[in-house]
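Here is the naming used below: chain letters follow the sequence lines, and residue numbers restart at 1 for every chain. Because the structure is predicted, anything quoted here is derived from the model rather than measured.
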Amino acid sequence: MGDVVARRGSEELGEAEAANRLMRLAKEIARHDKLYHDEDAPEISDAQYDALVRENRELEARFPQLARPDSPSRRLGAQPTTSLAKVTHARPMLSLDNAFSDAEVHEFVARVRRFLNLPADEPVTLTAEPKIDGLSCSLRYERGRLVLGATRGDGTTGEDVTANVRTIGDIPQHILSAPDLIEVRGEVYMSKADFEALNERQGAAGGKIFANPRNAAAGSLRQKDPAVTAARPLRFLAHGWGEVSEPLATTQLLAMERIEALGFPVSGLLRRCDTVEEALAHYRTIERHRADLPFDIDGVVYKVGRLDWQERLGQVGRAPRWGLAHKFPAEQAETTLEAIDIQVGRTGKLTPVGRLKPVGVGGVIVANVTLHNRDEIARLGLRVGDRVRIQRAGDVIPQVVENLTRDEPRPAYVFPDHCPECGSEAVNEEGEVDVRCTGGLICPAQRFERLRHFVSRGALDIEGLGEKSIAEFIELGWLSSPADIFRLRSHRAELLGREGWKEKSVDNLLGAIEAKREPEGPRFLFGLGIRHVGIVTAKDLLKWFGAIEELRRAALSAGGEAELSSVQGVGPVVAEALVDFFHEPHNQQALDDLLSEVSPQAFVSEAKQTEWTGKTIVFTGSLETMSRDEAKAQAERLGARAAGSVSARTDLVVAGPGAGSKLKKAEELGIRVIGEEEWARIVAEA
DNA sequence: GAGCCTCGAGTTCC
DNA sequence: CTCGAGGCTC
C-alpha cells in the first residue's frame, strides 16, 4: 500500500506541494481502480479509497489551476462497471449448515432420524467427501451441450460466467448419454501448486499477487475477458447437481458415479459411510491428509445417501436438512486491540467495533472485529491496548476468542451512556443485553441507517442508491424520509451539475427508483424497519392480511394485538411492536406520504396456488409414517399454514391415534377432520 | 416452565 | 456468520 493512503489533511499545503500531491493521488487512484476493477483484488477499503478521491477533489477545488489532465475526477462516474450478467438459478444453490464437533454430527443424524421418523435400527447411510475451498459453480447442459455456467451468488441469483468456464479443462463442453437437461454443480478451484506458480509469474510480470488460492480462483473466474480466465490454471470438481430432466439415481453415491461417468472430476475421497462413526473416521482421515492434498480444503461434507430421503427432508431457510459441512478448527492469530469505536444501527443499537493492528488470518488481513455488545467486552475484559487472539468464525466473520493480557493494570473500557452520534441518552433496557440510543429519528445515524435499510437488497433493492449517495442527498437536504427517494427526480438538473454525476449515472439511478414504484408487498413492509419484522415475518403477515392497509387496520383496531397474534410466528412482542409502530403519529404520516408515491403489490404466495393456499391445518395425535415436522413441511408446500392449536380459523385437522382435546374442539367447531392416510393422499395428489 | 428452533439484527472482507 | 430473543412445543 502506498504511503499516500496514510496522509491526512491537505489544508496546510503550499502550491508546489499541492501539485506534487495531486500527481501522486492521480497515480495512486488509478492503481487502485485497476486493482479493483481489473484484478478483483482491492488493497484498500472503499472508505480509504473514498478518502483519496475526496482529498483529490478538495485540492482541486482550492487550486483549480493545478487540476491535471489525468485527474481521477475526470474519469470518475465514467468508470466501466465490470459487472457480469445476472442469472437466476433454476434450482437455488443451497449452502450447508456447519458443524465443528463430533457431537454436532451425531446431532445432525439424530435430526434426520427424527424428521423421517425412522426406527432406531434403520441405518442412515451418509456420503463423506472433502469440502474444497473454492467457489461454487453450476453448469447447465441441454441435450448434452454446455449452455450456461453460473456462480452461486446469493444462492438464488448468480453471475453468468459461461464464456469463462468454457476455458476450464476439467469442464466438458459436450457430454454423451446425459439426460436432456442436467445442471452439474461443483467447486471451481486452483491447486496450491498452480497458485504458487501463478503468483510467481504475476510477481515477475509486476502483476497482482493473490492472497490465497480461493481469491485467485474467484478473481480468475469472474473476469470480463475469457482470455484472462483461460490463462489461469482453474480446476473443477463436481459434488452435486441442480435441475435435471430425469432422476439421476436412487442414491447420492450412484448419482455422483453417474456424473463422473459423464466426464466430470469427482473427489477420490468420496466415501460411503454406514454409521456416524465411519463418517467421523473418514473426517479424521481427510484431516490427516489435509496438508498433502493438492488443494485447500476447509472441512468434510456429509450428505444423506438415499435421494428419496433427501427429497423428504427438504430444506430450512437456505440449507438442506440432508447435508452438513463438518469444518476444521478455525485458524487463529494474535494482534493488538488499538481502539474501540461505537457504531449506531438503524434500531439505535450501539455496537462496539474493535480496531485491530491488521493481522493475517486464514488468508486475509483483518483490521476490524465486532465486539457485539457491552457484556462481550466485559466478558473478555477488553481494554484498548490489550493483546487479543482472534479467529474467523466459520472462516468468515472475525471474532475475539481470548484476551491475552487481562491481568495487566490498565483502565477498564467504559461503555458510553450517550449516543456518540446524536448525544441522546443510551439505555440498557430491562432484560436486554443491548444498549440503545433513545434519540429515534432525531439521531442522524438511525435516520441514515433506516434509509439505507429501506433501499437495501432485501427490501426495495434500489440499485445505485448506496451509502455514499444517501449521505450526499441527506447533506443536500433532498432526503429525509423514504418518500423523498421517489421525489429525487425533481432534483435531476441540480444533480447533473454535481461532481461524479454524469447523465448516465443519474439516469440509471432515477430509473432504478422508478422501477420500484410498485414494490413487492413483503419487501416494502420489511423496508419500513418495524422492530422484529424481518422479511420472513413480513411475508407471514401479508400472507394473512394481504395488503399493508389491512395490516394497519388490524394494528389500529381495538383487539389489535390479539388479531395480529393469530399470524404464525407473531407473539405478544411482535404484535406490540406492530401496534406501536402504526400508532406513532410520525410513522403514520411517513407511511401515508410514502403510499402517495408508491403502490406496494398485494402479496402473492410463492407456493403453487392450490385448494389449500392460505388454509390453516392442525396436526394432532401421533403420526405413523412421518414426523410432525415433515407433515408441516408438506402443508407449507401446499401453500397452507400449519398451526399449533385448533380455533375457528382452522380449516382442517389431521388427527392420528391418541388425539385428545384438539380433536374434541374441532368436532365442536364442526371442522373437517381426516386421518393420516387421507392426508398422505392429498399430498400425493398435489 | 424449559428447551428447541426460527428469525432478526448487526457485521467482515472480497 | 453469530448472537440474542421471540415463539412454539413438549
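Here the nucleotide nearest the side chain of A/Arg346, chosen from B/dC7, B/dT12, B/dA9, is B/dA9. With B/dG10, B/dC13, B/dC7 as the candidates, the nucleotide lying closest to the side chain of A/Asn368 is B/dC13. The side chain of A/Thr537 approaches B/dG8 more closely than any other nucleotide in the set C/dG6, B/dT11, B/dG8. When distances are taken from the side chain of A/Asn215 to each of B/dT12, C/dG7, B/dC14, the shortest belongs to B/dC14. Closest to the side chain of A/Pro572, out of B/dG10, C/dG7, B/dT6, is C/dG7.
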Please step through side chain to side chain contact (heavy atoms under 4.5 Å, CB included) for the pair A/Thr336 and A/Val359, ending with a clear verdict.
-> CA-CA 9 Å; A/Thr336 306; A/Val359 62; over 6 Å; no
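A/Glu376 comes within 4.0 angstrom of nothing in the nucleic acid, heavy atoms only. Contacts of A/Val574 with the nucleic acid, taken as non-hydrogen atoms under 4.0 Å apart, involve only primed sugar atoms and P, OP1 or OP2.
Across the protein-nucleic acid pair, A/Asp375 atom CG and C/dG4 atom P stand 8 Å apart, rounded to whole Å. The CD-C1' distance, from A/Gln399 to C/dC1, rounds to 9 Å in whole Å. Note: CZ (A/Phe210) to P (B/dC14) measures 13 Å, nearest angstrom. Atom CG of A/Leu578 and atom C1' of C/dG6 are 13 Å apart (whole Å). A straight line from CD of A/Gln391 to C1' of C/dC1 spans 12 Å, rounded to a whole angstrom. What separates NZ of A/Lys349 from C1' of C/dT2 is a distance of 10 Å, to the nearest Å. Regarding A/Gln223, its CD atom lies at a distance of 18 Å from the P atom of B/dC14, rounded to whole Å. Between the CG atom of A/Asp434 and the C1' atom of B/dG10 there is a distance of 9 Å, rounded to whole Å.
Positionally, the nearest nucleotide of DNA chain B for A/Glu107 lies more toward the 5' end than for the other of A/Gly345 and A/Glu107.
Salt-bridge check for A/Arg214 with A/Asp296: failed, with every basic side-chain N at 4.0 Å or more from each acidic carboxylate O.
Using modelled atom types, no side-chain atom of A/Asp386 and backbone atom of A/Leu337 make a donor-acceptor pair closer than 3.5 Å. A donor-acceptor pair under 3.5 Å links the side-chain atoms of A/Thr229 to the main chain of A/Ser220, judged by distance alone.
For B/dT12, the OP1/OP2 oxygens have no side-chain nitrogen or oxygen of A/Thr370 closer than 4.0 Å. For the OP1/OP2 pair of C/dG4 and a distance below 4.0 Å, the side-chain nitrogens and oxygens of A/Asn373 include no atom meeting the criterion.
Taking the six-membered ring where the residue is Trp, A/Phe454 and A/Phe524 present perpendicular rings, their angle passing 60° and hence far from 30°.
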